[in-house]
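Since the structure comes first, as structure tokens, the remarks are kept for the end.
Both ligands and their constituent atoms are indexed starting at 1 by order of listing.
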Amino acid sequence: MGLDEIIISRAIIERFMEKFLDNLELDVAIVGGGVSGLVAGWRLAQKGRKAAIFERKLSVGGGMWGGGMMFNEIVVQEEAKHLLDELGITSRPYDRGYYTADAIESTTTLASQAMKAGVKIFNLIHVEDVMVRENRIDGLVILWTAVNMAGLHVDPLTIRAKHVIDCTGHDVEVIKIFLRKNQPASLKTETGGIMGERSMWAEVGEAKTVEYTSEVYPGLWVAGMTATGTLGTFRMGPIFGGMMLSGEKAANLIDERLKKG
Ligand code: 48F
């Protein structure tokens, strides 16, 4: 059997377009395919919700690949151990209540489980704005990362979503864009704005990040380090339980909200 380059090209273009068209309208659009975004997508897909992740880099996984200071091991505390088990990530007990896992196995397994559950991931796409209708988030404005990097003057496209989760990590990107472009809108935070991430304090940061995982504006949710930075608590470094629990909490809360219609 001969191989035809044009069939190969047509297969890629058609299959991608099918996938892209099928994800123009979503229950949940997740911005950022890092730790919290992948967990949120995994859980939402398991619950049968139509969710997609938009990731600006070539690879998903965010800050998990590099463990702590490029030592590719992560630490997860007791409270989140059940997620490692459910995902099938091998972990080893270290001290009482602390577990370690290989950062590469954790990242690849999490991404694989999320996809197998049914979430679609669109990489190389930069979320550059949101759509707002009648004081509610209505979706995302997206553009190829490469266009953005090259500084080309090209207009973006849009995704409609009932809910958007900002999982962009330390950058708090969607929240920043939303505030910049929608004044006098304010967030459900103490000041109505971004409270800011504070210096390292793992114990408090981990607990508060999960507590702060919430809807900060109608249809706009924060999870992971974006919850840390938006509602203002301490960073926690290379312990990942809080990030995972935060993604799971966002998924559960949105699923409940979708049930109410
Ligand atoms: O950084 P990241 O993994 O965020 P997270 O889920 O987890 C944080 C931990 O990795 C670590 C930590 C744990 O204690 O502190 O840092 O909060 O993933 C964020 C992802 O969002 C992507 C970015 O490339 C990364 O993969 N991202 C950021 N801005 C955009 C974006 C954007 N505008 N559009 C699309 N993707």
> Testing Asp27, Ile30, Val119 for side-chain contact (heavy atoms from CB on, under 4.5 Å) with Leu44, which one passes?
Replying inline: Ile30
> How close does the nearest protein non-hydrogen atom get to atom 4 (O) of ligand 1, and which residue and atom is it?
Replying inline: Gly169 CA, 3.5 Å
> Considering only heavy atoms, does Ala223 approach ligand 1 within less than 4.0 Å through its side chain, its backbone, both, or neither?
Replying inline: neither
>> Tell me whether Met64 shares a hydrophobic cluster with Ile239, the cluster being built from Ile, Leu, Val, Met, Phe, Trp, Tyr side chains joined at under 4.5 Å.
In response: yes
> Can you list the ligand 1 atoms lying under 4.0 Å from a non-hydrogen atom of Met236?
Replying inline: 14 (O)
> Is the count of non-hydrogen atoms from other residues, nucleotides or ligands lying under 6.0 Å from Glu190 atom CD greater than 12?
Replying inline: no
> Counting only heavy atoms, which portion of Glu173 has something under 4.0 Å from ligand 1: side chain, backbone, both, or neither?
Replying inline: side chain
>> If you compare all heavy atoms of Thr145 against all heavy atoms of His126, which two are closest, and at what distance to 0.1 Å?
In response: OG1-N, 3.6 Å
> Counting each atom of ligand 1 from 1 as listed, which ones have a heavy atom of Met225 under 4.0 Å away?
Replying inline: 8 (C), 15 (O), 17 (O)
>> Show me which atoms of ligand 1 lie under 4.0 Å from any heavy atom of Gly237.
In response: 13 (C), 14 (O)
> So which protein heavy atom does atom 18 (O) of ligand 1 come closest to, and at what separation?
Replying inline: Gly34 CA, 3.2 Å
> Side chain or backbone of Phe54 under 4.0 Å from ligand 1, or both, or neither, by non-hydrogen atoms?
Replying inline: backbone
> For ligand 1, does Met243 get within less than 4.0 Å through its side chain, its backbone, both, or neither, judged by non-hydrogen atoms?
Replying inline: side chain
> Is any NZ, NE, NH1 or NH2 atom of the basic residue among Arg56 and Asp171 found under 4.0 Å from an Asp or Glu carboxylate oxygen of the other?
Replying inline: yes
>> Give me the residue, atom name and distance of the protein heavy atom closest to atom 36 (N) of ligand 1.
In response: Arg56 N, 3.2 Å
> Is the Phe178 ring parallel, tilted or perpendicular to the Tyr217 ring (thresholds 30°, 60°)?
Replying inline: tilted
>> At less than 4.0 angstrom from any non-hydrogen atom of Gly224, what atoms of ligand 1 do you find?
In response: 17 (O)
>> Are Val127 and Phe122 connected into the same hydrophobic cluster when the rule is that any two of I, L, V, M, F, W, Y join if their side-chain heavy atoms are below 4.5 Å apart?
In response: yes
> If you count the atoms of ligand 1 from 1 in the order shown, which ones are under 4.0 Å from a heavy atom of Cys167?
Replying inline: 19 (C), 20 (C), 21 (O)
> So among Arg43, Gln46, His163, Arg49, which one has a side chain to side chain donor-acceptor pair (under 3.5 Å) with Asp255?
Replying inline: Arg49
> Which protein heavy atom lies closest to atom 3 (O) of ligand 1, and at what distance to 0.1 Å?
Replying inline: Gly63 N, 3.0 Å
> Looking only at heavy atoms, what is the nearest atom pair of Asn23 and Ala52, with distance?
Replying inline: OD1-CB, 3.8 Å
> For the side-chain contact (heavy atoms from CB on, under 4.5 Å) test, which of Ile137, Val141, Leu140 pairs with Met131?
Replying inline: Val141
> Which protein non-hydrogen atom lies closest to atom 21 (O) of ligand 1, naming both residue and atom, and how far is it?
Replying inline: Gly32 CA, 3.2 Å
> Of the backbone atoms (N, CA, C, O) and the side-chain heavy atoms from C-beta on, which set of Ile239 has a member under 4.0 Å from an atom of ligand 1: side chain, backbone, both, or neither?
Replying inline: backbone
>> Please check: side-chain N/O of Thr209 versus main-chain N/O of Gly242, any donor-acceptor pairing under 3.5 Å?
In response: no
> Ser36 heavy atoms, cut-off 4.0 Å: which ligand 1 atoms fall inside?
Replying inline: 5 (P), 6 (O), 17 (O)
>> Looking only at protein heavy atoms, which one is nearest to atom 30 (C) of ligand 1, and what is the separation?
In response: Thr168 CG2, 3.7 Å
>> Give me the atom names and distance for the closest heavy-atom approach of Gly88 to Thr109.
In response: O-CG2, 4.0 Å
> Is there a heavy atom of Val60 sitting under 4.0 angstrom from any atom of ligand 1?
Replying inline: no
>> Suppose I only count heavy atoms of Ile125 and a 4.0 Å limit; which atoms of ligand 1 are within that range?
In response: 35 (C)
>> Tell me whether ligand 1 is touched by His170 - counting only heavy atoms on the residue side and a distance under 4.0 Å.
In response: yes
> Looking only at distance, does Thr226 have an N or O less than 3.5 Å from an N or O of ligand 1?
Replying inline: no
> Which one of Lys116, Met115, Glu86 satisfies the side-chain contact (heavy atoms from CB on, under 4.5 Å) criterion with Trp42?
Replying inline: Glu86
>> I need the nearest protein heavy-atom contact for atom 34 (N) of ligand 1: residue, atom name and distance, please.
In response: Val127 N, 3.0 Å
> Who's the nearest protein heavy-atom neighbour of atom 22 (C) of ligand 1, and how far?
Replying inline: Glu55 OE1, 3.3 Å
> Are Trp221 and Val216 linked, directly or through other ILVMFWY residues, by side chains that come within less than 4.5 angstrom of each other?
Replying inline: no
> Which atoms from ligand 1 have a heavy atom of Lys57 less than 4.0 Å away?
Replying inline: 24 (O)
